[in-house]
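Heads up: the structure comes next, in structure tokens.
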Amino acid sequence: MPRLLFIAKEDRTRALLQCRLTPGVKVKCAPCINQAWDKLSSRKFDLILWNTSCDPAAQINLDETLKLLSAKSLGSRIVVLGNSLALESSRPCGDNVHGANLPVNEEELFSLIENNLSLILRSEHPHHADEIDVPIDFEGIIAVSLPMRAVVRRIMDAAAVDIPVLITGETGTGKDLVAAAIHRRSSRKNRPYIAVNMGAMARELIASEIFGHERGAYTGAFDARPGIFEQADGGTVFLDEIATMDEKTQVSLLRVLEEKTLRRVGGIRAIGVDVRMIAATNEDLEKSVAEKRFREDLFYRLNVFPIRVPPLRERISAITVLTNHYLSRFGAVYDKEVERVSAETYRLLRHYSWPGNVRELKNVIQTAVLMVNGKELLPEFLPQRIREAADGSESRGESTCSFQVGATLDVVENQLIRMTLAHVRGNKKLAASILGISRRALYNKINRHRLR
């Protein structure tokens with residue numbers, strides 16, 4: 001587990017670091033360099049961040065202090081936060097000392113820490129280095145585009161350390177594949193891996209399913225039953241659609257992350273569990289935190305190592321390879337001798353926006369292969385929406401719209417939701433994803449606008 005020493009006077013930032021980075025990173029803090037020497041002499045740190053702006057030692061003799069810090073921290077990466085004078089002084093102190101300009105906000109600070117820890121991990125695990133080729137087929141993930149190759153490298157980094165991971169991305173981008181790949185590449189690979197879709201669980205059963213229940217805890221609980229965390233002890237739990245979790249379950253989950261213990265529904269005994277947490281969402285959790293729909297402390301606990309999976313429209317170069325992959329796969333499944341894809345079919349596929357991402361492409365190719373009787377996949381086997389998208393047909397008028405100046409927000413929202421639902425043929429989950437809201441919020445708006 002990486003060790004970080006943060007030397008600065010800001011109590012709030014130090015507390016935030018300890019809350020947000022632990023338990024994945026061991027964080028120690030000191031208000032000034034003079035109070036940090038004892039910590040430096042008793043243990044080794046992977047990363048040392050020193051804010052020199054308000055440190056008396058930096059004002060007296062920054063150059064000599066940096067040389068001493070570098071000598072006492074061999075093998076550590078040191079980042080000096082300061083003005084141009086501090087950065088100039090850090091240059092002759094060794095290759096392990098680097099500078100960063102002040103001021104930095106909280107997000108810039110976390111980004112700085114994450115990037116430096118990533119560099120440390122790669123130096124300790126050379127097979128993680130950028131110059132090493134990422135396999136095209138990595139744990140079931142087809143990584144041919146630059147954005148997905150970057151995701152695979154993030155998976156490798158996440159697998160190397162036992163920290164919580166938060167995977168974000170639109171519906172159908174393959175967040176479940178990313179979570180499974182992290183587990184299979186981690187030290188827990190021989191232990192249980194349990195994936196749970198929080199959005200598909202009945203609210204009244206969530207606590208029982210996740211944390212277990214004791215006999216007689218509720219009507220129908222005839223026997224005690226361990227929950228998912230107990231079942232996955234020593235392994236990994238993947239919680240998909242984490243944003244749908246209610247307030248009470250969020251509190252219980254926070255206890256598991258902080259204390260490594262849980263209580264079954266109806267139980268009084270604390271049960272210890274050793275589980276790595278991976279969560280995923282297609283919603284903006286920071287927005288949910290701001291709107292008080294998701295706990296801020298839980299968000300920071302989960303967001304220790306974020307991984308964003310890009311939508312398919314941001315990796316158009318992968319469409320041809322993915323199409324060929326699914327063509328071969330479903331050709332074998334359905335005993336079809338489809339040998340090639342026509343140039344026009346490729347063109348249509350590349351010009352479509354893929355709101356359902358890789359999952360939608362997979363379903364389109366699967367259906368097309370079922371329909372093909374010859375050896376070539378022709379445009380006629382593609383859904384009409386894909387053919388219209390590339391041709392710019394007027395029949396696709398529902399996907400483009402204009403609003404009259406002076407229209408109320410209520411009218412605009414009504415029209416936009418109506419047209420989005422028409423575009424996705426009533427698929428409310430997909431419509432919510434396109435609109436950037438939760439399914440629950442979409443249902444509320446549908447009811448309010450009487451769009452049923």
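Excluded from the calculations below are hydrogen atoms, water molecules and symmetry mates; all remaining heavy atoms, backbone and side chain alike, are included. Every value quoted in this text rests on a predicted model; they were computed, and no experiment measured them.
The shortest distance between side-chain heavy atoms of D46 and R77 does not fall below 4.5 Å. Counting heavy atoms from C-beta outward, R315 and L312 have side chains that approach closer than 4.5 Å.
Checked for salt-bridge contact, R439 and E241 meet the test: a charged N lies under 4.0 Å from a carboxylate O. The pair R225-E230 does not count as a salt bridge, with every side-chain nitrogen at least 4.0 angstrom from each carboxylate oxygen. With respect to the salt-bridge test (charged N to carboxylate O, under 4.0 angstrom), the residues D162 and R188 qualify. Between R295 and D297 a salt bridge is recorded (basic side-chain N to carboxylate O distance below 4.0 Å).
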Query raised in the report: Going through the distances and angles, do Y326 and N363 end up as a side-chain hydrogen bond (donor to acceptor under 3.5 Å, both in side chains)?
Result: CA-CA 9 Å; Y326 290 127; N363 292 339; over 6 Å; no
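In this structure, R184 contributes its side chain and E139 its backbone to a donor-acceptor pair below 3.5 Å. No side-chain donor-acceptor contact under 3.5 Å links T236 to the backbone of H183. Under a 3.5 Å cut-off, the side chain of N282 and the backbone N or O of T168 do not form any donor-acceptor pair. Between the side chain of D240 and the main chain of V196, no donor-acceptor pair closer than 3.5 Å is present.
For the side chain to side chain contact (heavy atoms under 4.5 Å, CB included) criterion with I48, the lone passing option out of V80, V79, L40, L4 is L40.
A donor-acceptor contact under 3.5 angstrom links the side chains of Y352 and R385, judged on distance only.
Under the 6.0 Å distance and 45° angle rule, R154 counts as a cation-pi partner of F305.
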